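Each remark here refers to the structure printed beneath this line.
Since this is a predicted model, take the numbers as computed values, not measurements.
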Amino acid sequence: MDMDRDISRRHMLALSAAAGGLAFEGGMSRAFAQASTRIEQLAPELDKIIATSEPIKELATGFGGPLGPAEGPLWWKEGGFLLFTDIHNSRRMKHMPGQAPSVDLEPSNRANGLTRDQQGRLLSCEHDTRRVTRRELDGSLTVLANSFQGRRLNRPNDVVVKSDGAIYFTDPWSSPAAPEQWDLTFAGVYRLTPDLGTLSLLVDNFVFPNGLAFSPDESVLYVNDTRRGHIRAFDVQPNGTIARQSDRVFADLRGSEPGVPDGMKVDVAGNVYCGGAGGIWILDPQGRKLGRIVHGYPATTNIAFGGDDWKTLYFTSRTHLGSVNVKISGLPVPASALKKSG
C-alpha cells in the first residue's frame with residue numbers, strides 16, 4: 001500500500017465518484033477516456049514487450065478511501081478470474097472479465113498483498129490483524145506469521161512464494177498510536193521456511209519495504225523501498241537467504257509526477273514492471289528504463305499478470321482496476337518449479 005498522502009485534484013474527483021458505487025467497463029466516466037493515457041517508449045526494446053498503440057483499459061472504479069486503496073491483484077488461472085483487495089472497505093474483490101467486480105470476502109481484515117503457494121492456497125497480508133495467513137483447501141485459515149522474536153509484526157504488506165515453497169514478505173514499520181513492549185520498531189523483509197518452522201529477518205534497513213518479486217531463475221530478489229523511491233536488488237543464496245553485500249539500487253523511479261514504487265512483477269524474460277512516478281515503469285533485467293504505461297491515475301498500487309497466456313497486465317490504483325495487454329508472459333502464480341541444469 002502506498003502511504004504517500006499527496007492527493008491530487010483528480011484523486012479527489014475519483015473519490016467523489018466512488019461514493020456513488022462501483023462502475024465497470026462500458027459504464028466508465030468520460031474523464032478517464034479523455035485522460036492522456038499512453039504507452040511511452042524510451043528504448044527500442046520496448047517493441048518486443050508492448051505496442052505503443054496498445055489501449056489501456058479501465059475495468060472498474062469506486063474503491064479505496066483514507067484507510068487504503070485498491071491493492072493486491074492476483075490472477076486465479078483455474079477459475080479465469082482476478083482477486084484484488086479493497087483495503088479501506090476491508091473487502092477482497094473478485095473480477096470476472098466482462099463483469100462487474102463482486103465481493104469475494106468481507107471482512108478481509110483489511111488485507112493488502114495476495115499470492116498463492118505451490119498447492120494453490122491463497123496467502124494474504126492482513127493489516128488489521130498484523131499477520132500473514134493462508135487459506136487452506138478445506139477453507140480453514142492458518143496463521144503463517146504474526147510475530148518475530150516475541151514481538152508483533154507491524155503491518156505485513158506484500159508476499160511472494162519461491163518455487164521451493166519458502167515465503168517472503170515485507171513488513172513496513174509505522175509508529176503505533178500506543179506502542180507496546182511487544183511492538184517492533186523497524187521495517188523488515190522476512191523469509192519463512194517451507195515447513196513454517198523458521199522465520200528469518202533478511203534485512204531491516206529499509207525505510208518502507210513494499211512490493212517484492214523474484215527474477216525468473218530466482219537468483220535475484222527485488223524489493224521496493226517506497227519512501228526512497230527506488231527498487232533494491234539482492235542476490236539470493238543457495239539456502240534461500242540474501243547476500244547482504246550484494247545490496248544495490250536496481251532503479252530509481254522518482255519524478256515530478258505522482259506515484260511511487262509499490263507493487264512489482266517480473267515477466268519470463270526478466271523484465272521488471274513497477275509503479276513509479278507517472279505510471280507503470282518497464283525495466284530490463286539490468287534496470288534500464290524501456291518505457292512507461294501512463295494510465296492517468298495518481299498512483300499504481302500493485303500489478304499482476306493474468307489471462308490464459310499470462311499476457312494481461314492488471315493494475316490497481318488508489319481507486320480503480322485497469323489492464324493492458326503485453327507481448328511477453330508474466331511469471332505464473334503459483335511459481336513453476338525451476339528446471340535443474342546438468
Of all heavy-atom pairs between H88 and P66, which one has the smallest distance, and what is that distance?
CE1-CD, 3.4 Å

Pairing residues for V249 by the side-chain contact (heavy atoms from CB on, under 4.5 Å) criterion, not counting sequence neighbours
H230

Are any non-hydrogen side-chain atoms of V103 and M93 less than 4.5 angstrom apart?
yes

Applying salt bridge (charged side-chain N to carboxylate O under 4.0 Å, His left out), can you list everything that pairs with R135, at least two apart in sequence or on another chain?
none

Does F148 have any ring-ring contact (aromatic ring centres under 6.0 Å, His included) partners at least two apart in sequence or in another chain, and if so, which?
Y190

Side-chain touch L153/L184, heavy atoms, less than 4.5 angstrom
yes

With a 4.5 Å heavy-atom cut-off, do N205 and D247 have their side chains touching?
yes

Has the side chain of N224 got a donor or acceptor atom that lies under 3.5 Å from a matching backbone atom of T226?
no

In the structure I gave you, are the side-chain heavy atoms of I56 and I293 within less than 4.5 Å of one another anywhere?
yes

Suppose the criterion is salt bridge (Lys or Arg N to Asp or Glu O under 4.0 Å): which pairs have a residue in residues 111-129, not counting sequence neighbours?
E78-R116, R110-D128, D117-R121, R121-E136, E126-R131

Heavy-atom donor-acceptor pair, K265 side chain to C274 backbone, under 3.5 Å:
no

By side-chain contact (heavy atoms from CB on, under 4.5 Å) - contacts of P285 (at least two apart)
N271

Using the test side-chain contact (heavy atoms from CB on, under 4.5 Å), find all partners of K327 that sit at least two apart in sequence or belong to another chain.
A51

Between D309 (side chain) and K311 (backbone), is there a donor-acceptor pair under 3.5 Å?
yes

Salt bridge (Lys or Arg N to Asp or Glu O under 4.0 Å) evaluation trace for D262 with R318:
CA-CA 12 Å; D262 200 330; R318 290 174 179 142; over 6 Å; no

Please list, chain by chain and in numerical order, all residues satisfying side-chain hydrogen bond (donor to acceptor under 3.5 Å, both in side chains) with T170, sequence neighbours excluded.
none

Could you pull out all residues at least two apart from D225 that satisfy salt bridge (charged side-chain N to carboxylate O under 4.0 Å, His left out)?
R228, R232

Any donor-acceptor N/O pair, N154 side chain to F186 backbone, under 3.5 Å
yes

Any non-hydrogen side-chain atom of L144 less than 4.5 Å from a side-chain atom of L196?
yes

Take W75 and T312 through the test side-chain contact (heavy atoms from CB on, under 4.5 Å) and record every step on the way to the result.
CA-CA 10 Å; W75 180 253; T312 301; over 6 Å; no

From N89 atom CG to F63 atom CZ, the distance as rounded to the nearest 0.5 Å:
9.5 Å

If you measure from CG on D252 to NZ on K289, what distance do you get to the nearest 0.5 Å?
6.0 Å

Is the shortest distance from a Lys or Arg side-chain nitrogen in D171 or R152 to a carboxylate oxygen in the other one below 4.0 Å?
no

Fit a plane to each ring of H295 and F315, take the angle between them on a 0 to 90° scale, and name the class: parallel (under 30°), tilted (30 to 60°) or perpendicular (over 60°).
parallel

Does any non-hydrogen side-chain atom of T241 lie less than 4.5 Å from one of L202?
yes

Whether over 12 other heavy atoms sit under 6.0 Å from D195 CG:
yes

Do any pairs count as a salt bridge (Lys or Arg N to Asp or Glu O under 4.0 Å) and have a residue in residues 201-220, sequence neighbours left out, and if so which ones?
K162-E218

Donor-acceptor pair, distance only, cut-off 3.5 Å: does the side chain of S317 make one with the backbone of T319?
yes

K77 side chain to P334 main-chain N or O, any donor-acceptor pair under 3.5 Å?
no

For V220, does its backbone N or O pair with a side-chain atom of S215 as donor and acceptor, under 3.5 Å?
yes

Hey, does the side chain of T301 reach the backbone of A70 with a donor-acceptor pair shorter than 3.5 angstrom?
yes

Under the 4.5 Å side-chain heavy-atom rule for ILVMFWY, direct or indirect, which residues accompany L105?
none

S124 versus T133: any side-chain heavy-atom pair under 4.5 Å?
yes

Quick check: do Q149 and L199 have side-chain heavy atoms less than 4.5 Å from each other?
no

Can F84 and Y314 be said to form a ring pair (Phe, Tyr, Trp, His ring centres under 6.0 Å), step by step?
CA-CA 10 Å; F84 65 100; Y314 290 96; 9.3 Å; no

T115 side chain to L123 backbone, donor-acceptor under 3.5 Å:
no

Identify the heavy atoms of P156 and H127 that sit nearest to each other, and give their distance.
O-CD2, 3.3 Å

Non-neighbouring partners of F234 that pass ring-ring contact (aromatic ring centres under 6.0 Å, His included), sequence neighbours left out
none

Determine whether a donor-acceptor pair (N or O, by modelled atom type, separation under 3.5 Å) exists between the side chain of E106 and the backbone of S90.
no

Under a 4.5 Å side-chain heavy-atom rule over Ile, Leu, Val, Met, Phe, Trp and Tyr, are Y222 and L331 clustered together?
yes

Please report the closest heavy-atom contact between R191 and P194, naming both atoms and the distance.
NH2-CD, 4.4 Å

Any pair with a residue in residues 44-56 that passes salt bridge (Lys or Arg N to Asp or Glu O under 4.0 Å), sequence neighbours left out, goes on the list, sorted by first then second residue, please.
E45-R288

